[in-house]
Amino acid sequence: MKSVKDSLQEVKTGRSPSGGILKMLTFLTMVGGLLILSLAAAALAKGFGSAWTPGALVAVGVFVLLFSCFGFWGAMAKNRGVLCCFAIVVGFMTFIEFIAAISCFALSGKVKAFIDDLYANNREEYNKVFGDQDPSYCQAKAEENLALLGGFALFLVFLQLANIILAVLYRKALRDGEYEKWRSQL
């Protein structure tokens, strides 16, 4: 078992396990934000989805990228206040992404009825969105894309939950280290 002095030395030198893992996970989350932005760029280039789809992806990608940079900076600077703000904001963002993942999985089963209805009742709108493609092909692709998007959202949820836990642990390690430093000066 490590002594308080050893733990304090790990935090001072940046070798605290929670700090190192937090830095790595926030970096991976930054990569996830870049992937979301590249998905938005592909959606814009191919004209995928409705008008709000690429804009929503850009907003989510920028939000994920910005706050993962914020968490990375807090871990590098060993700033407890930044780590606390990071954990709170990422917790809110994780809740929203979890809802989005559940929505994607729930909607993937309703795509068939939507495309069939669009094909049967509004052929002009169907041709605008899907062109001359067969409805069964469009249904399969839409279900596949929603499942992939839901899976990616769940991956980000678990990654961000790990970020929150590690930010809290690292913040606690920093606090304990500062307390011991203050106490030793008395």
Side-chain angles (χ1 to χ4, degrees), residues 21-75 84-168:
I21 297 170
L22 177 64
K23 292 171 192 171
M24 182 185 66
L25 284 180
T26 53
F27 181 77
L28 286 175
T29 308
M30 282 188 250
V31 171
L34 290 173
L35 286 173
I36 294 171
L37 288 173
S38 65
L39 183 64
L44 279 171
K46 298 206 179 213
F48 174 75
S50 62
W52 63 268
T53 303
L57 288 173
V58 167
V60 169
V62 166
F63 195 74
V64 168
L65 184 63
L66 199 114
F67 280 99
S68 58
C69 289
F70 191 63
F72 188 76
W73 172 65
C84 183
C85 290
F86 169 72
I88 291 169
V89 171
V90 170
F92 176 70
M93 186 170 53
T94 302
F95 177 71
I96 291 173
E97 286 176 356
F98 183 70
I99 291 171
I102 290 173
S103 299
C104 285
F105 290 126
L107 289 175
S108 67
K110 298 180 181 182
V111 166
K112 182 177 179 355
F114 173 75
I115 292 177
D116 282 343
D117 183 53
L118 190 64
Y119 185 75
N121 298 329
N122 195 350
R123 187 70 60 101
E124 184 179 312
E125 186 67 27
Y126 176 86
N127 288 336
K128 275 188 201 175
V129 175
F130 299 109
D132 290 337
Q133 296 179 2
D134 183 45
S136 60
Y137 172 78
C138 296
Q139 293 163 358
K141 277 304 203 185
E143 287 176 352
E144 179 184 324
N145 289 339
L146 280 172
L148 282 173
L149 190 59
F152 184 68
L154 273 181
F155 169 74
L156 282 179
V157 164
F158 288 119
L159 186 66
Q160 289 172 343
L161 283 174
N163 277 331
I164 293 168
I165 292 167
L166 288 168
V168 169

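Interatomic distance, Leu166 CG to Lys23 NZ, rounded to the nearest 0.5 Å: 12.0 Å. The CD1 atom of Ile21 sits 11.5 Å away from atom OG1 of Thr26, with the distance rounded to the nearest 0.5 Å. In this structure, Asp134 CG and Ile115 CD1 are separated by 10.5 Å, a value rounded to the nearest 0.5 Å. Atom CD of Gln160 is separated from atom CZ of Phe155 by 10.0 Å, given to the nearest 0.5 angstrom.
For the pair Met93 and Leu156, the minimum side-chain heavy-atom distance is 4.5 Å or more. Between Ile102 and Ile99 there is no side-chain heavy-atom pair separated by less than 4.5 Å. Annotation: side chain of Phe67 is not in contact with side chain of Asn163 (no heavy-atom distance under 4.5 Å). Within the 4.5 Å cutoff, the side chain of Thr29 has no heavy atoms near those of the Phe72 side chain.
Between Val58 and Ala40 the shortest heavy-atom distance is CG2-CB, 3.6 Å. Taking each heavy atom of Ala75 and Leu22 in turn, the nearest pair found is CB-CD2, 3.8 Å. Smallest separation of non-hydrogen atoms from Phe105 and Gly150: CZ-C, 3.5 Å. Nearest heavy atoms, Val168 versus Ala87: CG2-CB, 4.4 Å. Between Leu154 and Ala101, the shortest heavy-atom distance links the atoms CG-CB, 3.8 Å. Pairing each heavy atom of Glu97 with each of Val60, the nearest pair is OE2-CG1, 4.4 Å.
Within a 6.0 Å radius of CZ in Phe63, more than 12 heavy atoms belonging to other residues, nucleotides or ligands are found. Counted within 6.0 Å of CZ on Phe152, heavy atoms from surrounding residues, nucleotides or ligands total more than 12; the atom is thus considered enclosed.
In this pair, Trp73 and Phe70 present their aromatic rings tilted. The plane angle is within the 30 to 60° band.
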